[in-house]
Amino acid sequence: MPPRTFISSRFATPADYILARDYCSYGYFLLAPNDWDPSTAAFRRVLSLASGAVTVRVSQPGANANIETGAPLEIYAEKKLNRDEWTQVHASLVRMLRLDEDAAVIGSFHKLDPRWAVKSRSSRSFNLKRSKSGPGRGRLMRSPTFFEDVIKTVTSCNVTWPSTVNMNRRLCEALGERTPTGGYAFPTAEKLARVNPATLRARCGVGYRDQRIVDLAKLFRTPASRGGIDPAWYENPATPDDEIYNALVELPGIGPYAAANIMQLLGRYARLPLDTESIRHAKNVLGMTGSDRDLMKRLQAHYAPFGPHAFRSYWFELWTFYESRQGPAWTWERETTAKAFTAAALKKVPMVDLS
DNA sequence: GGTAGACCTGGACGC
DNA sequence: GCGTCCAGGTCTACC
């Protein structure tokens with residue numbers, strides 16, 4: 001029997017918003033404590049509020065594939081929340097779903113790269129007719145906090161995707177606050193800063209990342225005046241890109257790839273987090289040849305015309321390729337899909353024609 | 001500034 | 001079922 005729930009007032013969404021498409025737009029939607037249910041096109045997750053952890057379920061009744069967009073979200077919580085708590089839930093969802101991203105900025109992206117605008121030719125060529133692709137994709141899912149985005153990025157470095165899935169599940173189960181109905185939150189910086197690295201390694205399978213994760217958590221608990229991390233400085237649009245990048249690569253466990261990835265999670269899309277997947281994409285999809293170093297340079301040049309939207313152009317190409325192999329992302333199951341994204345599986349994919 | 005090797009986990013493969 | 005190989009980005013030592 002499902003737990004008793006309370007419905008909130010509905011949350012408005014931007015006119016172009018489709019939950020199934022825009023929530024399932026980045027791999028983190030498959031990582032705990034995020035829990036997407038393809039059968040109902042809704043997701044559950046435990047949010048850490050000031051008063052404690054609470055499970056919410058988010059759906060978008062009325063949104064129709066390729067037809068109706070911008071329907072309001074319906075939010076259910078497992079317990080009754082007061083106004084302040086609902087405000088915190090709303091703020092978390094706005095960040096996760098990028099509901100506050102300026103439509104004009106997304107419009108400027110579509111002007112630079114019309115492939116992702118309404119009824120684009122490329123959308124059809126990728127056989128997305130059955131997907132909830134809808135008019136103009138541009139928003140990318142992320143975490144409710146900057147801290148979670150940073151730790152998730154560290155767990156995705158130098159590891160295959162199934163291991164990243166396991167690490168995040170075990171982090172939540174071992175160290176996340178538990179709700180009365182058995183859900184787990186993502187561990188807070190306070191919690192991770194107090195964990196012994198050896199314990200983290202043994203219980204969560206994070207390997208050599210143990211010390212780096214604990215050090216990062218401690219930095220999030222340290223005031224900026226004493227050399228700690230100030231999330232507001234990173235989230236501030238007025239902070240220059242170069243300053244953020246230079247600060248990120250100084251952090252433990254954060255190199256060029258992780259820094260560029262965290263920057264796109266901050267809504268700064270000019271830099272490309274290039275990795276071995278990028279090399280595969282360059283060869284299999286873009287038809288490029290040459291050494292890995294050459295391909296990295298050619299990829300940078302290839303996406304340079306998209307300027308401040310370079311990552312979006314790159315990512316939607318990559319994501320659409322994945323959907324061409326596995327079906328629309330909103331149909332993916334977390335556990336069964338994970339193995340489809342191993343390097344071995346993707347290497348078996350033949351050359352793809354993007355024209 | 002560039003490069004080689006270590007770091008750790010889990011999937012793939014051979015026996 | 002077991003052992004071995006390999007993929008993956010960051011860090012450090014070294015040239």
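Chain letters run A, B, ... following the sequence lines, proteins first, then strands; residues in each count from 1. Excluded from the calculations below are hydrogen atoms, water molecules and symmetry mates; all remaining heavy atoms, backbone and side chain alike, are included.
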Open item on the list: Once rounded to the nearest 0.5 Å, what's the spacing between atom CG of A:D35 and atom CG of A:L30?
Closed with: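 Here the interatomic distance stands at 10.0 Å.
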
Task: Ring center gap for A:W332 and A:W319 short of 6.0 angstrom - done: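 Under 6.0 Å, so yes.
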
In whole angstroms, how far is the [atom2] atom of [N] from the [atom1] atom of [X]?
| X | N | atom1 | atom2 | value |
| --- | --- | --- | --- | --- |
| A:R209 | B:dG10 | CZ | C1' | 11 Å |
| A:R169 | B:dT9 | CZ | P | 15 Å |
| A:E250 | C:dT10 | CD | C1' | 13 Å |
| A:M296 | B:dG2 | CE | C1' | 16 Å |
| A:L248 | C:dT10 | CG | P | 11 Å |
| A:I262 | C:dG9 | CD1 | P | 14 Å |
| A:E277 | C:dG8 | CD | P | 8 Å |
| A:R280 | C:dG8 | CZ | C1' | 14 Å |

Tabulate atom names and distances for all N/O pairs under 3.5 angstrom spanning the protein and nucleotides 11-15 of chain C.
from: C:dC11; atom 1: OP1; to: A:G253; atom 2: N; distance (Å): 2.4
from: C:dC11; atom 1: OP1; to: A:I254; atom 2: N; distance (Å): 3.3
from: C:dC11; atom 1: OP2; to: A:I254; atom 2: O; distance (Å): 3.4

Task: Pairwise 5' ranking along DNA chain B for A:N158 and A:N166, keeping only the more 5' one - done: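 With A:N158 and A:N166 compared, the 5'-side residue is A:N158.
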
Open item on the list: Can you work out whether A:R170 or A:R293 has the more 5'-proximal nearest nucleotide on DNA chain B?
Closed with: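 This one resolves to A:R293.
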
Task: ring-ring contact (aromatic ring centres under 6.0 Å, His included) evaluation trace for A:F220 with A:F146 - done: CA-CA 10 Å; A:F220 270 86; A:F146 177 53; 5.7 Å; yes

[X] and [Y]: which non-hydrogen atoms are nearest, and at how many Å?
| X | Y | result |
| --- | --- | --- |
| A:T13 | A:Q60 | OG1-NE2, 4.0 Å |
| A:E78 | A:P180 | OE2-CD, 3.8 Å |
| A:W116 | A:F316 | CH2-O, 3.4 Å |

Task: Aromatic ring pairing A:Y314/A:H281, orientation class (parallel under 30°, perpendicular over 60°, tilted between) - done: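 Ring orientation of A:Y314 relative to A:H281: perpendicular.
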
- [ ] For A:Y26 and A:W315, run ring-ring contact (aromatic ring centres under 6.0 Å, His included): C-alpha distance rounded to whole Å, both residues' side-chain angles, the deciding distance at 0.1 Å, then the answer.
- [x] CA-CA 9 Å; A:Y26 192 66; A:W315 184 255; 4.9 Å; yes

Task: Whether A:E323 side chain and A:A329 backbone form a donor-acceptor pair below 3.5 Å - done: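 Yes, because the side chain of A:E323 sits within donor-acceptor range (under 3.5 Å) of the backbone of A:A329.
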
Task: Under 4.0 angstrom between A:T276 side-chain N/O and C:dG9 OP1 or OP2 - done: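 Indeed, a polar side-chain atom of A:T276 lies that close.
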
TODO: Assess the side chains of A:N261 and A:Q264: does a donor N or O sit below 3.5 Å from an acceptor N or O?
DONE: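 The criterion, which ignores hydrogens and geometry beyond distance, is satisfied for A:Q264 and A:N261.
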
Task: Quiz item: A:Y208 side-chain donor-acceptor pair to C:dG9 base, under 3.5 Å - done: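 Yes, the side chain and the base share a sub-3.5 Å donor-acceptor pair.
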
Write down the protein N/O and nucleotide N/O pairs, taken from nucleotides 1-4 of chain C, whose separation is under 3.5 Å; answer none if there are no such pairs.
none

Task: Criterion salt bridge (Lys or Arg N to Asp or Glu O under 4.0 Å) against A:E148, the qualifying member of A:R45, A:R95, A:R142 - done: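 Answer after filtering A:R45, A:R95, A:R142: A:R45.
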
Open item on the list: Can you pull out the residues from residues 195-207 of chain A that lie within a 4.0 Å heavy-atom distance of DNA chain B?
Closed with: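 Only A:R201, A:G205, A:G207 qualify.
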
Task: Row check, A:Y245 ring normal vs A:R271 NZ/CZ: under 6.0 Å, within 45° - done: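 Here A:R271 passes the 6.0 Å and 45° test against A:Y245.
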
